[in-house]
Structures are given as C-alpha cells and as structure tokens.
Amino acid sequence: MPIINRIAEFHDDMTAWRRDFHQHPELNFQEVRTSGIVADKLREFGCDEVITGIATTGVVGVIRGRGEGGAIGLRADMDALPIHEESGVPHASLTPGVMHACGHDGHTAMLLGAARYLAETRNFSGTAYMIFQPAEEMGGGGEVMVKEGLFERFPMDRVFGLHNWPGAPEGTFLWRVGPVMAAVADIRITVTGKGAHGAMPHQGNDPIVIASQIVTAFQSIVARNVEPVEAGVITIGKIEGGMAFNVIPEVVNLRGTARWYSPEVGDILENKVRSLATGIAAAYGAEAEVHFDRMYPATINEETSTGLAAEAARAVAGEAKVQLLPKPTMGGEDFSFMLNAKDGAYLMLGAGRTPEDPQVHHPRYDFNDTVLPLGASWWATMVERQLPRRG
Ligand SMILES: [Zn+2]
Ligand SMILES: [Zn+2]
C-alpha cells in the first residue's frame with residue numbers, strides 16, 4: 001500500500017491549506033487564525049467532536065471508527081517562529097518578522113489531510129484523536145496540553161508525532177528507538193563586580209575577566225565530568241557587558257544553553273554550571289547569579305510504538321525509504337512532554353529536494369509540499385493498522 005489514493009486526490013487542497021498557513025504565521029499561543037481554520041475544517045470533514053481552547057489555542061478532533069477498539073493520538077504543531085522570511089516564494093509570510101520556518105504549516109496541513117480521509121472512510125475500529133498543539137517552539141504548548149489533561153480527557157494507547165526534515169532525502173522516513181531529541185536548558189548568569197576606570201583596574205573588580213574564566217571553565221564540564229559515552233553540550237551564545245573601551249563595567253550577563261539525554265547528565269551539567277560560576281566569582285570577590293531553567297525533557301521513543309510507526313512508514317514509502325536515524329540530534333522538541341506521559345514515537349520525514357536546501361529555522365526555508373500526501377498517508381495508515389476494522 002503506497003500513498004493512499006484518496007489522499008493523493010486532495011494533494012492540491014493540502015497544498016493550498018499549507019500555503020495559506022504559511023502566509024499567515026502566528027507565534028506561540030497566538031495561533032488564533034490557524035486553530036480557527038483547523039477547527040472549522042475538522043467540523044466540515046465530519047469529525048465526531050472538535051474540542052478547542054486546550055492550552056489556549058490547541059484543538060483536538062475526535063474521529064470514531066466502526067465499533068469498539070483502542071485509541072491513538074496523532075499530533076501536529078501549529079506555531080511559527082520570530083524570523084523575518086527571505087524565501088521569496090509567492091506565498092511568503094505577510095507578517096513581518098514572523099515566519100513558518102520549521103514547517104509546522106506543513107505538519108498541520110498533513111494532519112488535516114489525514115483527518116479528512118479518516119472521517120470520510122472510517123476503515124478502523126476505536127478512536128483516532130487529531131491533536132493540534134500550539135507553541136512548540138518556545139512556549140511548551142505540548143506540556144500545557146498534558147497539564148490540562150490531554151490524556152485523561154482523551155484516553156489513548158499511544159501518541160505519535162512527525163517532523164519534516166530537509167536534511168534527509170525527500171520521501172524518506174527516519175526512525176529511532178530511544179532518544180531522538182535532547183533535553184534543553186536555558187542558562188542565564190549575571191556576574192556582578194565593581195566598575196572602574198579602565199586605566200585603574202585595581203580600584204574595581206572586573207566582571208569581564210571573571211565571566212571569561214567562567215566561560216572557559218565550562219569547557220571542562222562535558223570533557224571532564226560527563227562519562228565519555230554519554231552526550232552533553234554547554235554553549236554560551238551571548239556575552240553582554242561594558243559600554244566603552246576604557247571603562248570596566250559593573251555587570252556582565254552570560255546566556256547559553258545546555259543539552260543532554262539522560263537525567264543524570266542533566267544533573268551534572270546543572271550542578272557544575274552553578275558551582276563553577278558561583279565559585280569562580282566568589283574566588284574573585286564578586287558574585288554570580290545563576291539561572292538554569294530546564295525547558296524541554298529529552299524526546300524518547302518507546303520501542304513497540306516506534307516499530308509500529310516504522311512499519312506504517314514501510315507500507316507507505318516502501319522498505320528502501322524507511323531508514324534508521326543513525327544518531328539522535330541535540331535539538332529540542334516539546335513533543336517530549338507527551339512522550340513522557342504516554343508511550344509513542346516521533347519520526348522524521350525527509351523533505352530535502354537537494355542537499356543545499358535551507359534547513360529548518362533558516363529565513364529561506366519553505367516546507368516541501370511534495371511530501372504532504374506521504375505524511376498524511378502515514379498518519380492514516382497508522383490508524384488503519386493499529387486500530388484494525390472489526391465490523
Ligand atoms: Zn523548530
Ligand atoms: Zn519544528
């Protein structure tokens with residue numbers, strides 16, 4: 001069973017929906033227009049129930065099959081990014097500074113395509129939940145949906161997510177058991193010393209020198225404290241302090257991120273960031289205030305669910321186009337909150353036209369509409385295979 005024929009028939013519709021979402025991108029928890037269209041379409045397709053307002057702008061469409069059976073959840077994200085689009089495509093963003101640079105417009109269109117097909121055909125028993133979440137990029141919309149009782153209100157056996165991946169060839173599915181995306185922390189450190197004339201440093205306490213030592217010391221954390229076969233990253237991406245070439249400032253701010261998979265490594269990174277920053281500052285008679293805010297946990301694929309997802313991908317794309325993702329990435333993904341609460345899996349759908357294609361979060365990125373029927377067919381096939389029709 002390749003791409004489902006009925007779904008291929010509305011490739012043009014899905015493309016039009018996707019481009020409309022692309023022209024009207026909305027940031028986290030502000031997906032009012034997008035979620036309104038999603039809810040209207042789900043109703044129009046004949047979903048049994050359409051629930052709105054979960055996690056502010058989240059939507060769940062309920063599609064019941066023929067007779068009793070299990071239940072699975074299919075999840076897409078709807079939010080855009082604060083990036084100014086430079087793609088030059090005719091359907092480019094009409095909102096300056098906001099853009100669908102991660103392809104969530106495509107994810108939403110694919111899941112709508114699957115919903116339309118499933119509501120129309122109902123070749124399954126049990127219940128399929130179409131989950132449209134807000135605020136994947138920065139707001140943790142997945143976490144809010146879970147906290148607002150997603151899995152209690154809509155009891156399901158498993159939940160699945162899919163992300164387009166321009167770095168992999170068009171039409172390939174990539175799967176992996178265990179970690180696929182990393183846990184993410186936001187690090188903010190304020191080093192407070194004492195300002196002085198640049199020519200009279202002995203009268204001050206230079207926070208630039210102290211901050212520099214802190215950044216340098218952080219390089220030893222992964223190298224010397226994390227077990228070599230485990231993964232971890234600490235990056236300081238921003239140093240801010242000082243106004244003039246001849247003035248020692250009072251304060252320096254550092255901003256960075258930490259990434260890891262195992263909770264033990266996360267604890268090591270946090271403890272060492274805190275102790276090195278405060279200890280080094282104290283040794284110089286200064287002060288460091290450290291914030292280590294954990295944003296997303298690691299995205300961990302459960303084994304049986306991953307097998308089911310890969311099997312559905314083989315049915316849709318063919319054996320040769322379903323590949324093991326050789327390594328997890330250190331990117332973050334808030335579907336992790338759903339996978340923390342429920343068995344499930346998160347796959348990548350290759351969307352690269354050429355190896356030079358702009359990657360996600362790039363101002364020239366644009367979702368590859370060719371893969372829309374593939375993703376929608378994968379969603380629908382998962383429902384039909386995991387919830388086989390009994391009646
Ligand atoms: Zn993204
Ligand atoms: Zn994304």
Side-chain angles (χ1 to χ4, degrees), residues 18 21-22 24-31 34-35 38 55 57-58 74-87 93 95 97-112 131-145 159-168 173-176 179-186 233 235 237 257 259 295-301 325 328-339 344-352 357-369 371-372 374-376 378-379:
R18 203 286 290 179
F21 292 138
H22 193 89
H24 302 94
E26 295 169 303
L27 294 173
N28 42 336
F29 297 119
Q30 295 161 34
E31 307 89 341
T34 308
S35 64
V38 165
T57 43
L74 315 177
R75 168 275 198 183
D77 37 18
M78 300 185 288
D79 58 318
L81 280 157
I83 294 176
H84 191 77
E85 180 157 3
E86 293 169 17
S87 70
S93 169
T95 310
V98 183
M99 143 182 210
H100 268 296
C102 205
H104 300 183
D105 47 350
H107 301 165
T108 302
M110 287 193 288
L111 190 54
L112 280 175
I131 305 165
F132 294 85
Q133 81 148 76
E136 188 285 318
E137 294 288 357
M138 282 167 299
E143 179 181 27
V144 181
M145 282 191 109
V159 65
F160 296 91
L162 182 70
H163 206 294
N164 80 103
W165 212 246
F173 283 86
L174 302 169
W175 62 273
R176 193 168 210 286
V180 275
M181 302 285 252
V184 179
D186 179 1
V233 180
T235 291
T257 186
R259 309 282 167 117
M295 298 167 73
Y296 297 169
T299 305
I300 313 281
N301 279 344
L325 181 69
T329 89
M330 295 310 271
E333 163 63 57
D334 97 334
F335 186 56
S336 53
F337 286 105
M338 294 192 190
L339 290 185
Y346 178 83
L347 265 60
M348 321 281 198
L349 172 54
D357 270 7
Q359 301 299 302
V360 290
H361 292 214
H362 191 283
R364 280 190 291 105
Y365 164 86
D366 184 34
F367 183 87
N368 180 355
D369 290 315
V371 303
L372 286 168
L374 262 177
W378 176 71
W379 287 125

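Remember, it's 1-based here, ligands and their atoms both numbered in the order they're listed. Just so it is clear, the structure is predicted and the values come from calculations on it, not from any experiment.
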Given NE2 of His104 on one side and SG of Cys102 on the other, what angle do they make at the Zn ion (ligand 2), to 10°?
-> 100°
Relative to the Zn ion (ligand 1), which of the N, O or S atoms in Glu137 is the closest?
->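 Checking each N, O and S atom of Glu137, the shortest distance to the Zn ion (ligand 1) belongs to OE2.
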Of all N, O or S atoms in His361, identify the one at the shortest distance from the Zn ion (ligand 1).
->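 The nearest such atom is NE2.
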Does Asp357 come within less than 4.0 Å of Arg364, counting only side-chain N to carboxylate O?
-> no
Charged N to carboxylate O under 4.0 angstrom, Glu333 versus Arg75?
->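 Yes.
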Taking 2.8 Å as the cut-off, does an N/O/S atom of Glu136 lie below it from the Zn ion (ligand 1)?
-> no
Are His100 and His107 close enough that their ring centers fall under 6.0 Å?
-> no
Return the orientation label for the Trp378 and Phe173 ring planes: parallel under 30°, perpendicular over 60°, tilted otherwise.
-> tilted
